[in-house]
There are 2 protein chains.
Amino acid sequence: MKRPTLEVVAARAGVSKSSVSRVINGETTVAPQIRDVVMQAVHELGYVPNGAARNLVTRRTDTLAVVVSDPPQGVVSDDPLFSAVVRAVSRELEIAGKRLVLMLAESDQSRTRVEQYIAGAHVDGVLLVALHGTDPLPAALSRQGLPVVSFNRTSAQDVPYVALDNAGGAALAVHHLLERGRRRIATITGPLELHEARERLDGYRHTLRDTGRRSIVALGDFTRGSGAEAMRQLLEDDPDLDAVFAANDLMAIGALRTLHQAGRRVPEDVAVVGFDDIEAASYTTPSLTSVRSPMADQATAAVHLLLSLIDGGPTDPVIMPNELVVRESS
Amino acid sequence: MKRPTLEVVAARAGVSKSSVSRVINGETTVAPQIRDVVMQAVHELGYVPNGAARNLVTRRTDTLAVVVSDPPQGVVSDDPLFSAVVRAVSRELEIAGKRLVLMLAESDQSRTRVEQYIAGAHVDGVLLVALHGTDPLPAALSRQGLPVVSFNRTSAQDVPYVALDNAGGAALAVHHLLERGRRRIATITGPLELHEARERLDGYRHTLRDTGRRSIVALGDFTRGSGAEAMRQLLEDDPDLDAVFAANDLMAIGALRTLHQAGRRVPEDVAVVGFDDIEAASYTTPSLTSVRSPMADQATAAVHLLLSLIDGGPTDPVIMPNELVVRESS
DNA sequence: CTGAAAGCGCTTACAG
DNA sequence: CTGAAAGCGCTTACAG
């Protein structure tokens with residue numbers, strides 16, 4: 001059974017293809033009687049317009065690409081944020097009546113594929129989720145003249161973005177620890193080539209400096225193992241520390257383990273605060289205090305920004321505030 | 001700067017549109033010299049074929065839809081499996097040179113949208129991820145005559161699927177506990193309207209029956225809270241139990257908490273085994289023994305099944321085996 | 001308000 | 001092996 005076309009519907013309804021098209025597209029300049037007879041035919045035949053034909057002539061696809069650019073073992077893709085972001089974007093696009101093509105760019109090869117696809121006029125715009133500020137994709141895509149919005153700050157100047165207030169979030173964590181009476185507050189950083197990591201470190205540093213305290217810094221790379229290792233090193237270098245701010249939850253979880261092995265009680269001896277508030281943060285023992293990144297809200301904002309860009313609206317960067325979720329570890 | 005068309009490339013290369021088309025599509029019946037001059041023009045102009053035009057005439061889109069059908073607070077979407085499945089599918093489709101349109105069906109309204117979209121000839125096939133065997137979508141989509149494969153067993157008879165060996169996984173867990181010398185092994189079930197939940201319960205029951213032991217069953221609904229509550233009830237009903245098999249990890253995590261509060265040591269007093277091996281399973285204290293569902297492999301298998309269906313190949317159901325990941329809790 | 005006609009950018013028999 | 005022509009299924013000025 002072949003799919004019916006506009007022409008078949010028109011014949012059935014006894015009107016022109018133009019009229020059927022107008023009814024289908026909800027134009028108001030159609031006589032009610034024509035409208036009715038067309039709708040009748042549409043229902044009887046189960047007609048649904050062919051997408052490709054429509055896209056070809058309108059030059060729109062009502063489809064947006066979400067490109068997740070990250071190495072296979074990278075930070076974005078493997079962590080729980082992936083799911084939160086993708087789902088929020090999907091929901092928001094559905095509300096806007098758009099479709100989502102998901103593309104992973106995990107290698108140079110797939111990056112090329114993404115560029116080819118984008119160049120093929122399959123989508124109206126691109127939402128880029130890339131953690132590395134140095135990712136070449138934003139610039140490459142933006143060069144194609146297609147609307148591009150980034151889920152993070154990028155090195156490409158002209159790409160609008162939505163970003164977390166990372167420094168503010170770190171400040172939130174440190175202030176909280178100070179209020180709890182902690183005096184020797186260390187931090188475990190992410191990989192410093194990432195914006196996020198640098199900004200969180202800056203927030204930590206500035207807050208301590210403003211209160212006349214010194215920073216105690218250990219380097220991590222956002223993995224659980226690196227958090228455990230950094231914590232070991234911190235305990236060795238500064239046995240008297242009484243608090244740790246980890247730049248993400250995975251490292252905080254690693255730190256918890258090290259503290260447990262070292263016989264330090266959390267939070268009595270050492271308070272721990274993480275960042276991101278991933279699901280696992282509430283499963284640890286003790287449960288983990290964390291800076292909540294409003295991933296879903298950020299995703300929603302990014303979609304709105306992209307839609308605005310496509311419609312020629314404003315494209316000012318959006319900075320998302322964080323909040324602190326206090327649990328047992330601090 | 002307008003995108004160049006086939007016609008422009010043909011003019012530049014001094015050949016016909018037909019020849020350009022043939023070169024672009026890698027047909028072998030082209031003279032080398034024509035091939036070269038066309039490729040030259042393609043590169044100079046940065047030509048990429050318009051997808052819509054191509055789709056219209058070929059009646060293929062090289063795009064597959066992944067439909068995740070579940071209530072907003074549902075089991076599939078909110079849990080960590082979502083990300084694993086979506087990523088694995090995406091990778092596999094990329095290898096096959098296909099694109100992925102992701103659709104969430106969280107309400108009747110969005111279900112309708114999905115059906116409309118599928119009917120619009122935007123995709124060549126559908127991979128359906130729905131936990132509820134009673135979901136109306138498989139049947140509805142399959143009725144459209146488009147290739148559909150389900151990530152789970154469904155009530156629609158004619159929809160090929162890939163499923164986990166749930167009963168086998170449960171048996172694995174119970175045998176393991178028996179080998180550890182446990183004698184009073186309880187279970188916490190998932191919501192019994194789900195295939196998964198029933199099959200895991202059956203596996204538990206049969207294994208115990210085969211060894212002459214009785215079942216101790218508490219009902220849960222796959223949430224952490226329900227696991228905690230079921231565990232409380234089990235302890236009350238049968239204070240001497242020495243092991244629990246929870247039908248998923250979230251419930252197992254809830255059970256761990258209840259046991260901790262009740263002063264039972266894990267695994268010394270009560271051994272705990274979960275199912276799914278989500279990421280959080282390795283973060284708990286003690287870390288959780290779990291039946292590993294090979295989600296990525298299952299996703300890969302589902303993609304292969306769908307591609308096979310599209311090509312008119314075999315479409316036999318695939319059953320994925322599980323393995324047990326033994327950690328500290330048992 | 002309605003219809004006939006052109007055209008979107010490709011692919012594909014069909015001749016040669 | 002190559003090219004001219006038809007056609008995929010829509011939308012959209014343009015007349016009326």
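Naming: A, B, ... by sequence-line order, numbering from 1 per chain.
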(message) What's the closest nucleotide to the side chain of B:T29 if the choices are D:dT2, C:dT2, D:dT11?
(response) D:dT2
(message) Working to the nearest 0.5 angstrom, can you tell me the gap between B:L146 CG and B:H122 NE2?
(response) 11.5 Å
(request) Indicate whether any N or O donor in one side chain lies under 3.5 Å from an N or O acceptor in the other, for B:T61 and B:D124. (result) yes
Distance in angstrom units between [X] [atom1] and [N] [atom2], rounded:
{"X": "B:Q33", "N": "D:dC1", "atom1": "CD", "atom2": "C1'", "answer": "10 Å"}
{"X": "B:R3", "N": "C:dC8", "atom1": "CZ", "atom2": "C1'", "answer": "12 Å"}
{"X": "B:E7", "N": "C:dG7", "atom1": "CD", "atom2": "P", "answer": "12 Å"}

(message) Below 4.0 angstrom, which residues in residues 17-28 of chain A have at least one non-hydrogen atom near DNA chain C?
(response) A:S18, A:S19, A:R22
(request) Mind listing the residues from residues 35-61 of chain A sitting with a heavy atom below 4.0 Å of DNA chain C? Number order is fine. (result) A:L56, A:V57, A:R59
(request) Could you tell me which non-hydrogen atom of A:G97 sits nearest to which non-hydrogen atom of B:R113, and how far apart they are? (result) CA-NH2, 3.3 Å
(request) Using a cut-off of strictly less than 4.0 Å, decide whether A:T5 has a side-chain nitrogen or oxygen near OP1 or OP2 of D:dG9. (result) no
Please output the side-chain donor-acceptor pairs of residues 295-309 of chain A that fall under 3.5 Å, not counting sequence neighbours, one pair per line with the distance.
{"unit_1": "A:Q298", "atom_1": "NE2", "unit_2": "A:F151", "atom_2": "O", "d": "2.9"}
{"unit_1": "A:Q298", "atom_1": "NE2", "unit_2": "A:V162", "atom_2": "O", "d": "3.3"}
{"unit_1": "A:T300", "atom_1": "OG1", "unit_2": "A:A296", "atom_2": "O", "d": "2.9"}
{"unit_1": "A:H304", "atom_1": "NE2", "unit_2": "A:E92", "atom_2": "OE2", "d": "2.8"}
{"unit_1": "A:S308", "atom_1": "OG", "unit_2": "A:P314", "atom_2": "O", "d": "2.7"}

Cut-off 3.5 Å, no hydrogens considered: what does the side-chain donor-acceptor table look like for residues 25-36 of chain B, sequence neighbours left out?
{"unit_1": "B:N25", "atom_1": "OD1", "unit_2": "B:R54", "atom_2": "NH2", "d": "3.3"}
{"unit_1": "B:N25", "atom_1": "ND2", "unit_2": "B:S21", "atom_2": "O", "d": "2.8"}
{"unit_1": "B:N25", "atom_1": "ND2", "unit_2": "B:S21", "atom_2": "OG", "d": "3.4"}

Identify all side-chain donor-acceptor contacts of residues 45-53 of chain A below 3.5 Å with residues at least two apart in sequence or on another chain.
{"unit_1": "A:N50", "atom_1": "OD1", "unit_2": "A:A52", "atom_2": "N", "d": "2.9"}
{"unit_1": "A:N50", "atom_1": "OD1", "unit_2": "A:A53", "atom_2": "N", "d": "2.9"}

(message) Under 3.5 Å for both pairing distances: what stems, at least three Watson-Crick or G-U pairs long, include DNA chain D?
(response) C:1-3 with D:14-16, C:5-12 with D:5-12, C:14-16 with D:1-3
